[in-house]
Each structure stands twice: as C-alpha cells, then as structure tokens.
There are 2 protein chains.
Amino acid sequence: MATIKDVAERAGVAPSTVSYVLSGSRKISEDTRRAVRAAIDELGYHPRASARTLRSARTDVIALAVPRVPGEYRAVDGRFAIDITDAARGHGYDVLLMTDLDGVGGLRRVARSGLADGAVLMAVEEDDPRIAALRELGFPTALLGHDDHAALPWTDLDWEAAVALAVREAAAAGHRRVVFLASAEHEIDARRGYALRGLDGARQAAAETGTEVRVVESHREPAVLGRRLREALGYPCPSTGSGVPGPRPSAGSSATPSGAPTALVAQHLTLLPHILDAVPGHLAVIPVGSLPDDLGVRNLPRIDLPVAEMSTAVARLAVEAITAAAGPRPAAAGGAAAPGTANAPTGSALTTEPPHHLIPPRMSGPAVAPPRAPKPDSEPEPDSGLEPDP
Amino acid sequence: MATIKDVAERAGVAPSTVSYVLSGSRKISEDTRRAVRAAIDELGYHPRASARTLRSARTDVIALAVPRVPGEYRAVDGRFAIDITDAARGHGYDVLLMTDLDGVGGLRRVARSGLADGAVLMAVEEDDPRIAALRELGFPTALLGHDDHAALPWTDLDWEAAVALAVREAAAAGHRRVVFLASAEHEIDARRGYALRGLDGARQAAAETGTEVRVVESHREPAVLGRRLREALGYPCPSTGSGVPGPRPSAGSSATPSGAPTALVAQHLTLLPHILDAVPGHLAVIPVGSLPDDLGVRNLPRIDLPVAEMSTAVARLAVEAITAAAGPRPAAAGGAAAPGTANAPTGSALTTEPPHHLIPPRMSGPAVAPPRAPKPDSEPEPDSGLEPDP
DNA sequence: CTGTTAGCGCGTTCAC
DNA sequence: GTGAACGCGCTAACAG
C-alpha cells in the first residue's frame with residue numbers, strides 16, 4: 001500500500017505538495033503537478049480514508065437505518081436502500097447499511113465512533129426511539145417518512161392526497177360505492193402517520209364527491225382480512241345478523257347498505273396478490289403506494305410509491321443536514337463540554353424549520369374502469385396477459 | 001467528543017492504560033479497570049473508528065457490491081443486501097453498500113482507500129470484471145454465485161439439482177410432458193452459470209425420468225415470452241407453419257407433438273405474475289428460485305432461493321477470507337513493491353482451493369398436483385384465496 | 001507564487 | 001502501569 005510519502009519521493013517533492021495536488025486547494029505549477037500525477041498513477045496510490053477522516057472529521061459516509069422485523073421482509077425496504085445508495089453516491093457519499101435489529105444500538109455505535117457523518121432513517125414512526133437517540137447525539141439525520149413534531153428534515157408521499165386522489169378517480173369513473181382498504185389494524189392502533197393520513201384522505205374525498213366509502217381496516221392475517229373484505233363487499237358471508245355489533249369494519253358514512261361496492265381502493269398492499277385472487281374480476285381495484293414496476297399491478301390503475309423521488313430527496317436532505325452541521329463553525333469550540341450538551345439550537349438565527357419534501361401523488365397505469373356488473377364466472381380478467389404495458 | 005486522553009485524565013491513568021482496558025489485550029488491575037470504566041461511562045466515550053483503523057489497518061467493514069442495471073430493479077438484490085448485512089453484523093462487521101453503476105470503479109475506490117476490509121460480490125457472472133479487479137488489488141472477496149475458475153470462495157444454490165428436482169417432482173406426480181421455462185435468451189447467450197446449469201438439470205432429469213421436457217428460452221420482453229410459451233404449450237397461436245424454422249423455442253427431445261404439456265417448471269421468474277395470468281389454470285406450475293415468503297407463489301409447489309442460507313454463507317466466507325489475508329503475516333513484508341505484485345499465491349502451502357458452499361435445493365409449498373384436463377373456463381383457481389399457508 | 005517543514009488528529013503497542 | 005513512537009494525510013506557517 002503506497003502512502004503519500006512514497007508518491008512524494010517518487011515525484012521528487014514534499015508530501016504536502018502531493019496533498020495540495022490532490023485537494024487542489026492551492027496552486028501548483030504544471031510541471032510539478034504532472035510529476036505528481038505520474039507518480040500517483042504508477043504507484044496506484046489512493047489516500048487512506050482513515051487518515052483523511054482522522055484529520056478532517058469527515059467520513060463521506062451516510063448510515064442508512066433499515067427497519068427490520070425479525071421474521072419478515074418488506075420488498076420496499078431493499079428497494080429504498082439501493083435507490084438511496086445511488087442517490088448518495090451522486091453527492092459523493094457512501095452508504096453504510098444498518099439493519100436495526102439491535103434497535104438504536106447500531107446507530108448509536110456508528111454515530112459515536114464516527115463511522116458516518118449522518119444518517120437516513122427509513123420507515124419512521126411516531127415517537128421513533130431512534131430519533132431521540134440521534135438528536136441527543138447531535139447526529140445529522142434525515143427521515144424517510146412523515147414527521148410532524150420531531151424537528152428533523154423528512155420526505156414522504158402525501159398519503160392523504162394519494163388516497164383522496166384514488167377515491168376521486170373512482171368517483172369520476174362512475175363508481176358510487178367504494179371500499180377503502182386502509183392500513184392494518186395494528187398500524188392504525190399504533191397511530192402510524194401514513195395510516196391516519198390515508199383514512200383522512202378517504203373521508204375527505206368521500207365528503208367531497210358524495211361517494212359512499214366503506215372503510216375496512218386491514219389485518220396482517222390473510223384470513224381476517226379476507227373476512228372483512230368480503231363482508232364490506234357485500235359477499236357470501238351472509239349470517240352473523242346485524243344485531244351483533246362487529247366492532248371493526250366500520251362504515252365510513254351512515255351505513256346504508258345501498259348495494260355492492262364496485263371499486264376497491266387499497267392502501268394496505270402486503271397481501272395484494274391474495275386480495276386480487278380473492279376479489280371478483282369485475283371489481284375496479286386501485287392500489288395506493290404500490291412499488292414502481294411491480295409486475296403484479298402493472299395493469300391496474302394505481303398510485304405508485306415515488307421511490308426514486310423519495311430516495312433522491314432524502315439523500316439530499318441528509319447531505320444538507322451534514323453540511324449545515326459542519327459548516328457553522330467559525331470559531332473553534334470551547335473546551336470539552338459535559339456529555340449531552342449538543343441539543344441546543346446552535347443555528348445562526350432563531351431555530352429554523354427543518355426542510356421537508358412532501359410528494360404529491362400521481363396516477364399510473366390505465367384509467368379506472370367504470371362500474372361493471374358482476375357476471376359470475378365468465379370472462380377471465382381482460383388484458384392481464386403477457387402484453388407490454390402501454 | 002471525548003477522546004481517550006480525556007478518559008485517561010479523568011481516571012487518573014495513562015491513555016495506554018485506557019486502551020488496554022478497552023482491548024482487554026493485557027491484564028489490568030481490578031481497581032484501575034473500574035476507574036477507567038467509570039470515566040468512560042461518564043464521558044460517553046467511544047473510540048474513534050478512523051484512529052483505530054489508521055493504526056490497525058482494519059475497518060471491520062465489508063463492501064457489498066449490488067448489481068445494478070440502470071433502469072431495472074430486482075427484488076432479490078435488496079433482500080440479499082439486507083440479509084447479508086444481518087449476517088455480517090453477527091461477525092462484528094458493518095456493511096458498505098456499493099451500487100456498482102460505475103462498474104468496478106466504486107469497488108476499486110473502496111478497496112484502495114481502505115474503506116473496507118473485504119468485499120462480497122453479488123450476482124457474479126462468468127469472467128466478471130469485478131473479480132479481476134479485486135484479485136489484482138489482493139482484496140479479500142467472497143462471491144454470491146457460482147464461480148468455477150476464479151479462485152475465490154463462493155456460495156450458490158445448486159441450480160442444476162434444483163431444476164432436475166422440479167422436473168422429477170413433476171414426473172413423480174404423473175406429468176409426462178413438461179415445459180421448462182429456462183433463463184432468458186440473453187442470459188443463456190451470455191453463458192451465465194445458473195442459466196446453463198438449469199438447462200443441464202432439465203436435460204438430465206428428462207433423460208432420467210423419461211419425461212418429455214420442452215425447453216423454452218425466456219425473454220425479457222413479455223410479448224416474446226408469451227408467444228414462445230403459448231407455442232410450447234400447444235396453444236392458440238396456430239399458424240406460422242412448421243416449415244418456417246423458428247430458431248429459438250427448441251424442443252428438448254426429438255419434437256414429437258404428443259399432446260399438450262401439463263406442467264411448467266419455470267426458472268425465469270421476473271415475469272412470473274404475467275405468466276401465471278396467461279397460463280391456463282389446470283397447468284401445474286413449479287417456480288424454481290422463487291423468493292421465500294413471496295405471496296405471489298405461496299400456494300404453488302416451488303423451490304425457493306435459499307436467501308438466508310446463502311447470505312449467512314457468503315458473509316462467513318468473506319470474513320474468513322479477510323481473516324486469512326490478515327493472519328499469515330509472520331515477518332514484515334519487504335520494501336514497497338512495484339504496483340500489481342499481489343497476485344502470487346502467498347498461502348503457506350501449495351495454493352489451497354478456496355472454500356465454497358453449494359446448497360442443495362428443497363421443495364416448498366404444496367405437493368405437485370397430478371395432471372388435469374384443460375376444462376376450458378370453469379373453476380377459478382382453487383385454494384388461492386385468502387387462507388393462510390398451511 | 002511555489003514548495004517545504006512541522007504539528008495535529010487519536011488510538012495502539014512496544015520497550016522501559 | 002507509563003512514555004513515546006507510529007499509522008497517514010491535512011494545512012497553517014514559513015522559506016525560497
């Protein structure tokens with residue numbers, strides 16, 4: 001492993017000269033520069049990252065905290081990880097992938113050991129413990145997911161607008177009765193932002209368009225979800241008289257059983273393949289928050305999760321947070337402070353609102369089909385074959 | 001940010017003592033150790049990774065090279081990335097995610113700057129340029145994917161055995177005519193290992209069981225794939241008389257059109273949702289290399305890609321390669337060598353075979369159904385509803 | 001201006 | 001248990 005000294009020797013100059021050639025932070029004569037460059041190439045020299053970091057206190061690395069539920073795997077997480085890495089590279093940063101099986105432990109370790117300059121937190125929840133930990137450490141952080149009261153930059157799809165848009169599109173296509181498959185019950189109970197906002201969007205669009213929107217809280221158990229869905233669709237499951245107050249599947253408006261719904265707006269997509277299998281072919285299905293290029297939904301009208309835009313945005317926000325934290329250091333800081341004094345708003349002016357990036361929803365795929373009568377068991381799904389997407 | 005000196009001062013000892021307490025590489029009296037630990041806790045001290053690396057030449061970071069085709073995204077890649085990161089953490093390593101849009105550039109940069117101790121290469125191809133680059137740099141590397149002649153450790157699913165097993169299962173269930181949807185044409189033309197081995201497995205099982213196996217080379221274009229598939233299945237697409245020598249969909253055995261196939265073994269799964277939509281319900285479909293927990297295939301007999309096992313294995317191989325490269329350094333190396341001298345087998349004995357880990361395939365899901373007559377347009381897919389997987 | 005010298009950043013490790 | 005050298009690159013101050 002060649003060092004800067006080897007290069008200097010070979011080029012017949014001082015190590016500092018090599019450094020200046022590399023950083024360009026000073027003018028070096030053409031001759032010298034050529035000699036140095038030649039030596040660098042011949043030796044295959046590359047500055048040691050650790051040495052550079054030791055001096056500059058910059059790693060050019062961003063830690064990416066991927067949410068992790070032990071047994072499960074969410075396809076969207078891997079996708080974001082890769083897209084964010086691409087985006088970060090565009091800013092000159094590498095990405096350290098943190099799988100937070102250990103909770104905040106990993107992030108804290110990376111922050112305190114100076115392995116990274118900042119972090120991106122995926123799938124942020126209300127009162128996320130990771131946020132508190134990182135703020136306490138004064139670690140520059142950007143969030144992938146809505147965050148109203150933690151004072152950190154974030155980006156997110158506008159879930160409220162997204163669900164509202166889907167319902168409006170259904171209404172515009174002539175659907176008068178729509179089922180909204182909301183997030184899973186446990187997500188709603190945990191008051192997850194996207195879950196609540198989705199519900200708001202549905203209610204709002206229902207009121208606005210006069211459409212009847214039946215809200216079904218989803219469930220991680222396929223069987224439970226299926227039961228609720230069939231009931232809301234006015235399906236087989238006939239008994240269990242209305243005298244029994246089934247608590248969960250609550251009707252959005254006053255429950256007037258005015259006929260079977262003709263459209264399904266679905267925000268909870270984990271079980272989408274099953275849903276599509278179980279649901280009658282004539283039902284118009286509109287997924288909200290689907291993955292771009294997901295072949296399972298390509299021929300449905302839908303609102304894709306803007307993965308690329310969110311990734312680009314969150315990478316940019318993280319870089320800005322890092323730069324901002326590093327920049328405002330005109331005078332050298334005083335002596336070593338007691339532990340945990342880094343929370344005060346050290347910004348120049350009054351505490352600036354952290355930036356955020358709320359992404360408006362966009363419809364993709366074919367137009368929403370108008371309501372169709374439930375022809376029992378005849379034509380198999382049209383146009384779902386092996387034709388390329390128009 | 002507290003340093004080791006701060007800790008030493010507070011504990012009333014020398015910095016070296018603190019270091020020894022931390023590393024445990026030397027005996028320290030109980031009293032001193034307690035004092036040091038107290039000081040560490042009070043100051044919230046954590047050693048700076050860059051300083052440690054600068055001395056020890058170890059980063060405890062593994063670079064993970066994720067394959068990247070500009071426009072596309074493969075769900076399996078993100079999944080491996082996350083699983084490998086989990087596995088690496090189990091060995092005390094962090095993972096730097098490298099999206100190789102820049103080809104070998106990124107890896108070379110990381111290796112030469114000492115940002116990582118070693119690398120894991122995903123989706124290795126024959127004569128992968130990344131392998132050559134990393135070998136030249138003497139960078140410890142493990143491969144996710146078969147690799148017969150690059151002398152590097154690797155792990156992979158036994159694709160040959162997998163396809164053979166799927167065909168044998170079909171045969172055992174009574175299917176006499178099977179279609180094998182091989183890898184995509186361009187993958188076969190590029191002589192990708194898994195593609196060729198899959199073909200071998202199909203041929204082998206065909207010969208062994210006496211089953212007629214029609215091989216269809218897949219295609220990235222859904223339309224092309226659909227055409228080939230329908231033709232092989234003895235489907236609509238009737239014209240284009242056999243006089244025209246359609247080059248691609250070649251028959252496995254001597255082409256005796258002895259009736260419609262009743263089973264489909266599919267190795268090319270990118271377009272699987274489309275395929276399942278387009279194929280008649282009575283056809284037994286057996287995906288090979290599907291993602292575990294993929295809801296789209298949960299009710300099919302299949303051979304899952306052993307993502308967890310492969311991830312664990314490749315992480316272990318990488319760690320072993322790193323350890324091996326760091327260990328055998330009894331005497332200090334001579335002076336600075338000319339660039340590119342690191343290829344010689346520096347092992348102790350004669351060049352040891354690099355270890356590998358070939359994973360035998362296993363069937364998942366329900367048993368393969370026996371052949372069924374093509375009842376045109378009647379019962380919709382059985383058992384594909386919203387019931388939990390048994 | 002262009003190039004050099006020197007000290008720093010921080011933890012590790014060998015010799016006393 | 002301690003002192004000091006060391007790993008490597010950056011950069012302020014200084015010399016030509």
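Heavy-atom basis, side chains included; hydrogens, waters and symmetry copies ignored. Here is the naming used below: chain letters follow the sequence lines, and residue numbers restart at 1 for every chain.
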Would you say S19(B) reaches dG11(C)'s phosphate, i.e. side-chain N/O to OP1/OP2 under 4.0 Å? no
Of all the nucleotides listed (dC10(D), dT2(D), dT12(C)), which has the minimum atom distance to the side chain of R52(B)? dT12(C)
Interatomic distance where CZ belongs to R58(A) and C1' belongs to dT11(D) [whole Å]: 16 Å
The nucleotide from dT5(C), dG11(C), dG9(D) with an atom nearest the side chain of S16(A) is dT5(C)
With H46(A), which residues qualify under ring pair (Phe, Tyr, Trp, His ring centres under 6.0 Å), at least two apart? none
Of S29(B) and M1(A), the one whose closest nucleotide on DNA chain D sits nearer the 5' end is S29(B)
Student check: side-chain heavy atoms of P355(A) and L317(A) closer than 4.5 Å: yes
For Y45(A), give me all partners under side chain to side chain donor-acceptor pair (under 3.5 Å), at least two apart in sequence or on another chain. none
Separation of atom CD in E9(A) from atom C1' in dC8(D), rounded to whole Å: 14 Å
Kindly say whether, by distance alone, the side chain of R55(A) makes a donor-acceptor pair under 3.5 Å with the base of dC8(C)? yes
Side-chain donor/acceptor contact of Y20(A) with base of dC1(C) under 3.5 Å: no
How many whole angstroms separate atom CG of D6(A) from atom C1' of dG9(D)? 13 Å
If the threshold is 4.0 Å, N to carboxylate O, is there a salt bridge linking R89(A) and D60(A)? no
Please report the distance, rounded to the nearest Å, between CD1 in I28(B) and P in dT13(C). 13 Å
So what does A14(B) touch, heavy atoms closer than 4.0 Å: a base, only the sugar-phosphate, or nothing? sugar-phosphate
S25(A) side-chain N/O to dC10(D) phosphate OP1/OP2 under 4.0 Å: no
Does V13(B) reach a base, just sugar-phosphate, or nothing at all? Heavy atoms under 4.0 Å. sugar-phosphate
CG of L22(B) versus P of dT12(C): gap in Å, rounded? 7 Å
Check whether any side-chain heavy atom of V319(A) lies under 4.5 Å from a side-chain heavy atom of I62(A), and answer yes or no. yes
Would you say the side chain of R48(B) and the base of dT12(C) hold a donor-acceptor pair, judged only by whether the two atoms sit under 3.5 Å apart? no
What is the distance, rounded to the nearest whole Å, between atom CD1 of I40(B) and atom P of dC10(C)? 16 Å
Give the rounded distance in Å between these two atoms: NZ of K5(A) and P of dG7(C). 15 Å
note: L54(A), atom CG; dT12(C), atom P; distance rounded to Å ~ 12 Å
Counting side-chain heavy atoms from C-beta on, which of dT4(C), dC14(C), dG3(D) comes nearest to R26(B)? dC14(C)
